[in-house]
Peer 1: 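Before anything else, here's the structure in question.
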Protein chains: 2
Amino acid sequence: MATRPGTTMNTIDRLLSSELAGEIEFLTARTRSLGSARANMLLEPLDLKVRSYSVLSLACSGLAPTQRELAEFLSLDPSQIVPLVDQLEGRGLVERTADPNDRRSKVITGTKSGEQLYTKAREATAEGEAVAMAKLSKAEQETLRDLLSRIAFRD
Amino acid sequence: MATRPGTTMNTIDRLLSSELAGEIEFLTARTRSLGSARANMLLEPLDLKVRSYSVLSLACSGLAPTQRELAEFLSLDPSQIVPLVDQLEGRGLVERTADPNDRRSKVITGTKSGEQLYTKAREATAEGEAVAMAKLSKAEQETLRDLLSRIAFRD
DNA sequence: CTTAATCGTTGACTTTATCAAGAGTTTAAG
DNA sequence: CTTAAACTCTTGATAAAGTCAACGATTAAG
């Protein structure tokens, strides 16, 4: 399928007719690439990245996750959680507490200043999300959230 | 918000009530992480990964993309395209051709054997997509594709 | 003709991903 | 109770991916 001569088309519009452009795998990859780039920009003034923000968010959720749980939920290797928590703990934003029920595990919880920073960070990611979904109606946004949630957590 | 004692909950169900679990940014990141892991598994017998598959797909699309266009469409740095094309070209799957209109650019096109491999690879990724979207109705699948496409290519 | 901009490529460097092994803790079996 | 197996965090090695500046060749602008 060739481009009609005479029409000026940018790269994206041209390749949009490819089979790849219709694949969910590709669409999610591109969406998350653009989204995390923007989120990282918005989080930079707070010295956070998407990764550290995600850990901080769960730490401040009141759900008292262990590092193992963070790794599973965030699709990361347990060994990747260690330096993330190290850094946040070093800044006084989260705390490691030995789980009294199972002293192998360490529960990660947000400190006061951790929660204060999280509040600001949450505003940043909310803004990023608003920008990303600007072209969707509120109803469509909720539909997208529901559909993605169901395929991200099937099982 | 604490878990009711007496109920046994796995990690994912517990953390599903977190604020993070409702963020599009997080949902797309998790979806693509699970999806690309599965796609890589299914593509492994063909000695392809999601990355090389994507390049092969666009090379076989008939749209004759340049390396620059591949980079932009795939959200990659131009320097990352080089070894990807090198590898595919070394296997005789794609060809680099100097663009006659602009000899700075190199157009990437699939060879006969490249197209044959792409046919098989496309079946693999289609199966992966079917697994990922198993819990969604056909109508919901098309809705998801449309919504994602609109936020992946806004502008 | 000169200058600036673009494309592919290379190389250096940082970040992220993957994997095996170890110390401490808990669970299960005998 | 004791021993073996399984689990959690941590470390370290290694591979893969991302970022960025610079260069030769080519094209576009003035």
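Because the structure is predicted, anything quoted here is derived from the model rather than measured. Note on naming: letters A, B, ... go to the chains in the order of the sequence lines (proteins, then strands), and numbering restarts at 1 for each one. As a basis for the values below, the full set of heavy atoms in this structure was taken, side chains included, without hydrogen atoms, waters or symmetry mates.
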Peer 1: Mind checking what makes side chain to side chain contact (heavy atoms under 4.5 Å, CB included) contact with B:Leu34, not counting sequence neighbours?
Peer 2: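 B:Leu34: side chain to side chain contact (heavy atoms under 4.5 Å, CB included) contacts with A:Arg154, B:Arg30.
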
Peer 1: Just to verify, what does A:Asp99 make a side chain to side chain donor-acceptor pair (under 3.5 Å) with, not counting sequence neighbours?
Peer 2: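 A:Asp99 satisfies side chain to side chain donor-acceptor pair (under 3.5 Å) with no residue once adjacent residues are dropped.
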
Peer 1: Do nucleotides 9-19 of chain D as a string where each nucleotide becomes B, S or -: B if the base has a protein heavy atom under 4.0 Å, S if just the sugar-phosphate does, - if no protein is that close.
Peer 2: BBB----SSBB

Peer 1: How would you list all residue pairs meeting side chain to side chain donor-acceptor pair (under 3.5 Å) that involve residues 100-110 of chain B, not counting sequence neighbours?
Peer 2: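 Sorted result for residues 100-110 of chain B: B:Asp102-B:Arg104.
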
Peer 1: Under 4.0 Å: is that the gap between some side-chain N or O of B:Arg103 and OP1 or OP2 of D:dA25?
Peer 2: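 No, because none of the side-chain N or O atoms of B:Arg103 sits under 4.0 Å from OP1 or OP2 of D:dA25.
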
Peer 1: Show the atom names and distances, to 0.1 Å, of all donor-acceptor pairs under 3.5 Å that link a side chain in residues 81-94 of chain B to residues at least two apart or in another chain.
Peer 2:
residue : atom : partner : partner atom : Å
B:Asp86 : OD1  : B:Arg96 : NH2          : 2.0
B:Glu89 : OE1  : B:Arg96 : NE           : 3.2
B:Glu89 : OE1  : B:Arg96 : NH2          : 3.4
B:Arg91 : NH1  : B:Asp47 : O            : 2.6
B:Arg91 : NH2  : B:Leu46 : O            : 3.1

Peer 1: What integer distance in Å separates B:Asn101:CG from C:dC7:C1'?
Peer 2: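 Taking CG of B:Asn101 and C1' of C:dC7, I get 15 Å after rounding.
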
Peer 1: Could you tell me how far apart A:Asp102 (CG) and C:dT27 (P) are, to the nearest whole angstrom?
Peer 2: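 Nearest whole value for this atom pair: 6 Å.
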
Peer 1: What residues form a side chain to side chain donor-acceptor pair (under 3.5 Å) with B:Gln141, not counting sequence neighbours?
Peer 2: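 With sequence neighbours excluded, B:Gln141 shows a side chain to side chain donor-acceptor pair (under 3.5 Å) to no residue whatsoever.
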
Peer 1: What pairs of residues pass the ring pair (Phe, Tyr, Trp, His ring centres under 6.0 Å) test when at least one of them lies in residues 80-113 of chain A, not counting sequence neighbours?
Peer 2: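 Residue pairs passing ring pair (Phe, Tyr, Trp, His ring centres under 6.0 Å), neighbours aside: none found.
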
Peer 1: Sequence neighbours excluded, which residues qualify as side chain to side chain donor-acceptor pair (under 3.5 Å) partners of B:Ser75?
Peer 2: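 If we apply the side chain to side chain donor-acceptor pair (under 3.5 Å) test to B:Ser75, skipping adjacent residues, there are no hits.
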
Peer 1: For B:Glu115, enumerate each residue passing the side chain to side chain donor-acceptor pair (under 3.5 Å) test, keeping only those at least two apart in sequence or located in another chain.
Peer 2: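 In terms of side chain to side chain donor-acceptor pair (under 3.5 Å), with neighbours along the sequence ignored, B:Glu115 is linked to no residue.
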
Peer 1: For residues 66-99 of chain A, pull every pair meeting ring pair (Phe, Tyr, Trp, His ring centres under 6.0 Å), keeping only residues two or more places apart or in separate chains.
Peer 2: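 Ring pair (Phe, Tyr, Trp, His ring centres under 6.0 Å) check on residues 66-99 of chain A returns A:Phe73-A:Phe153, A:Phe73-B:Phe26.
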
Peer 1: Salt bridge check, B:Arg38 against A:Glu25: does any charged N sit closer than 4.0 Å to a carboxylate O?
Peer 2: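 Salt bridge between A:Glu25 and B:Arg38, a charged N being under 4.0 Å from a carboxylate O: no.
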
Peer 1: Please report how far the helix from C:dC1-D:dG30 to C:dG30-D:dC1 bends, comparing the axis fitted to its first five pairs with the axis fitted to its last five, to the nearest 10 degrees.
Peer 2: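 The end-segment axes of the helix from C:dC1-D:dG30 to C:dG30-D:dC1 are tilted 30° relative to each other.
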
Peer 1: I'd like a table of atom pairs between the protein and nucleotides 1-4 of chain C - only N or O on both sides, under 3.5 Å - with the distance next to each one.
Peer 2:
none

